[in-house]
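A short worksheet on the structure shown next.
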Amino acid sequence: MKATFKQLLNLQVGAAISECSGIENCNGNVITASKPEFGDYQANGIMSVAKQLDRNPRELAQQVVEHLNALENNIVESYAIAGPGFINIRISNVALLSLANVALLKPEALVTRVASPATIVVDYSSPNLAKEMHVGHLRGTIIGDSLVRVMEKVGHKIVRQNHVGDWGTQFGMLIAFMQELQKQKTGELPQQLSDLEQFYRAAKNKFDADPEFADEARKSVVKLQSGDPSYKQVWNQFIEESLTHCEEIYDKLNITLSRDDLDAESRYNDDLEGVTELLNSKGLLSESDGAKVVFLSEFVGKDGNPLPVIIQKSDGGYLYSTTDLAAIKFRSEELDADRSLYVVDARQSLHFQQVFAVSKSAQLTSDKISLEHIAYGTMMGSDGTPFKTRSGDTVKLIDLLDESVRRAYDLVTEKNPELDKELCLSIAKKVGIASVKYADLSKNRTSDYIFDWSMMLSFEGNTAPYLMYAYARIKSILRKGEAEDFEEEIISIDENEERLLILKILQISDIIHSVSEDCFPNQLCNYLYELAGLFMRFYEACPILKSDPLKRNSRLSLAKLTASALQQGLDLLGIETLERM
Ligand code: ARG
């Protein structure tokens, strides 16, 4: 496929409106029709042009349709004017079949590639390494990973950046604590570090209770940041351990981040002074209580006073924002990014608005770069407050994932009591992880959402088990068909259910491109859910295996194409399909 129906129609209708109105470069504004009664696509571009010219929109629509009808066109069967001046468009069966049959031979071609690939930097997951990953890191990790998969699929060059926090004051405390333990009983350290959460808490308790230790901890940060080799060595040991914890999670969650994608805060340590000087040379720095800050007129606090962005504290220490400014510069200059995305909690919105604004004022980047905060809401418990354990602690991500697999195991054994235990377990691993991921991805990312086990692990509704089961079911039909020598032939259309299913399959490309641009993976989830629903309707209305050989082959082929679209879509969400369930 070179272009989708929507893209072609947009061009054709846009050109026709220009022709009939005398206005150059009109936009056809073609969208997928919301109901089959409205045809397959709907062009909305007439109204604004008519308004501009003070003309009757239906009259202009009439003229545009006449113009379109006079053109040679093998993709459209009919145009119909509706409402105040929309054009409803029905695609010809010949065009549907020709694309479907090409896709049958080459299913990857279902998704078109962008004409001009961009370099897109995606900052995601990015946990703080002082503690173990907890549920707060789940959304950013999952959403970010789906976005990079989607953008790569359409042909962009993606640079993943896992901007882990490895450089703050907390590390001084942890290093000091490690040194103490090493002094006492050397052998036990690795074991102590196996539960980072506990280790952090023990260090923090000591920090709060023991002023001498707290002092030691503060000195340790300074030593570390000034590059003392012995401190650096202990720090390395800690970071290594913490990264191993993250990797275990990435592995379980089927996340594509690797060590090569690390973009730790410490990487920018040597650039911070330079960034500060640069801000100073542009006249942006002011002093406030001994700290170096930037005031920008667009940021005012509740009290009406300007809000500062702190660049350097009075003790010389740099901040989270300073590191992000250095990172922005790097991503623009060195990585040559066209877009730089930050898949980060919505609660950091002000931070990103500020660093983006400072970077703009200081001209830290090229003009072409688009800096975008891809914000997401908070994961809530059933009581509507941020998700916690019963005792009110943050939930470790690893525990949550293990629990999901356990629950999926119960679900799978309930559905197939006779299934072998090993097999159940391997199915449960995929279903459990997929359920957590899908529940998250299927929500509009900007809102908070309620984490609900029974909903995400249901075989009904817009869930991972439903889609994975739909896929496995199609695969089982195909296996039966193959046993009765199904030779892949050619798809044809006899029933409307077949037509609607084909049209839907061919729309996958538009959806994926829109996710790549707007970064809302829930659009892809909705699409896959509708696709599976249309398959079920087709399956009920059109007998497959019991039909005459021609129809049977066509329907098996259509089932095969559906399976491929489902599989490709789920893969872009980072969800693995199962051949049997
Ligand atoms: N480490 C930060 C946190 O856990 C997130 C970093 C996001 N990326 C960035 N470039 N600021 O809150």
Side-chain angles (χ1 to χ4, degrees), residues 120-145 147-148 158-171 174 196-197 200 221 235 238-239 242-243 245-247 249-250 253 255 257 261-269 271-272 275 309-311 317-335 337 339-360 364-365 369-379 386-387 394-398 445 448 519:
I120 306 177
V121 174
V122 186
D123 180 323
Y124 72 102
S125 192
S126 309
N128 282 332
L129 296 184
K131 294 186 187 182
E132 239 163 278
M133 282 177 83
H134 57 83
V135 296
H137 297 114
L138 185 63
R139 301 203 76 186
T141 305
I142 295 177
I143 296 170
D145 205 57
L147 293 177
V148 295
I158 301 301
V159 188
R160 293 163 173 75
Q161 295 284 268
N162 191 359
H163 192 72
V164 297
D166 65 344
W167 207 235
T169 39
Q170 291 159 326
F171 291 92
L174 294 167
L196 276 186
E197 207 54 38
Y200 181 89
V221 206
W235 172 80
F238 182 86
I239 296 298
S242 186
L243 284 174
H245 280 262
C246 294
E247 276 157 357
I249 301 250
Y250 295 155
L253 268 178
I255 295 298
L257 283 169
D261 307 316
L262 273 181
D263 173 56
E265 286 182 11
S266 57
R267 171 189 201 170
Y268 297 101
N269 193 40
D271 304 336
L272 302 177
V275 167
V309 182
I310 306 176
I311 303 296
Y318 294 100
L319 284 104
Y320 183 49
S321 301
T322 327
T323 308
D324 257 329
L325 289 169
I328 287 179
K329 194 163 178 288
F330 175 79
R331 289 170 192 187
S332 175
E333 274 174 12
E334 307 295 323
L335 300 178
R339 289 174 82 184
S340 181
L341 312 183
Y342 296 80
V343 187
V344 184
D345 195 311
R347 287 170 289 191
Q348 295 194 25
S349 289
L350 178 62
H351 165 76
F352 285 110
Q353 283 166 26
Q354 289 183 323
V355 294
F356 294 170
V358 172
S359 124
K360 195 161 174 230
L364 288 185
T365 66
I369 199 171
S370 155
L371 302 169
E372 304 168 41
H373 178 199
I374 308 300
Y376 56 82
T378 308
M379 185 167 133
F387 194 82
T394 45
V395 179
K396 277 198 209 174
L397 201 40
I398 202 93
R445 62 172 163 77
D448 295 345
C519 304

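Both ligands and their constituent atoms are indexed starting at 1 by order of listing. From a predicted model like this one, the values you see are computed outputs, not experimental measurements. When a residue number appears, it is its place in the shown sequence, counting from 1.
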Between H373 and Q353, is there a donor-acceptor pair closer than 3.5 Å when you use the side chain of the first and the backbone of the second?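 Side chain of H373 to backbone of Q353, a donor-acceptor pair under 3.5 Å: no, none is there.
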
Is it the case that the side chain of R139 and the backbone of D345 share a donor-acceptor pair, with hydrogens and angles ignored and the cut-off at 3.5 Å?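 No, the answer is negative, given that no donor and acceptor are paired below the 3.5 Å cut-off.
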
Verdict with reasoning, V355 to Y320, per side chain to side chain contact (heavy atoms under 4.5 Å, CB included): CA-CA 10 Å; V355 294; Y320 183 49; over 6 Å; no

Residue-level breakdown please: for D324 versus ligand 1, do any non-hydrogen atoms fall below 4.0 Å on the side chain, on the backbone, on both, or on neither?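 Answer for D324: side chain.
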
Does ligand 1 have a heavy atom under 4.0 Å from the side chain of F352, from its backbone, from both, or from neither?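 Within the 4.0 Å criterion, F352 contacts ligand 1 through side-chain atoms alone.
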
Starting at NZ of K396, measure out to CD of E197 and round the result to the nearest 0.5 Å.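 K396 atom NZ to E197 atom CD measures 6.0 Å (nearest 0.5 Å).
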
If you round to the nearest 0.5 Å, how far is CD1 of I158 from CG of D261?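 Reported to 0.5 Å precision, the distance equals 11.5 Å.
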
Taking only heavy atoms of Y342 into account, list the atoms of ligand 1 that are under 4.0 Å away from them.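 Under 4.0 Å from Y342, ligand 1 has these atoms: 10 (N).
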
Quick one: look up the protein heavy atom nearest atom 12 (O) of ligand 1 and list residue, atom name and how far away it is.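 So the nearest neighbour among protein heavy atoms is Q348 NE2, 2.9 Å.
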
Got the closest protein heavy atom to atom 6 (C) of ligand 1, with its distance?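 Protein heavy atom at minimum distance: Y320 OH, 3.3 Å.
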
Looking just at side-chain N and O atoms, do Y268 and D324 make a donor-acceptor pair shorter than 3.5 Å?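 The answer is no; no qualifying pair exists.
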
Would you check whether N128 has a nitrogen or oxygen atom less than 3.5 angstrom from a nitrogen or oxygen atom of ligand 1?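 By distance alone, the answer is yes.
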
Which is closest to atom 1 (N) of ligand 1 in terms of heavy atoms, A130, S126, G140?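 When every heavy atom of A130, S126, G140 is considered, S126 comes closest to atom 1 (N) of ligand 1.
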
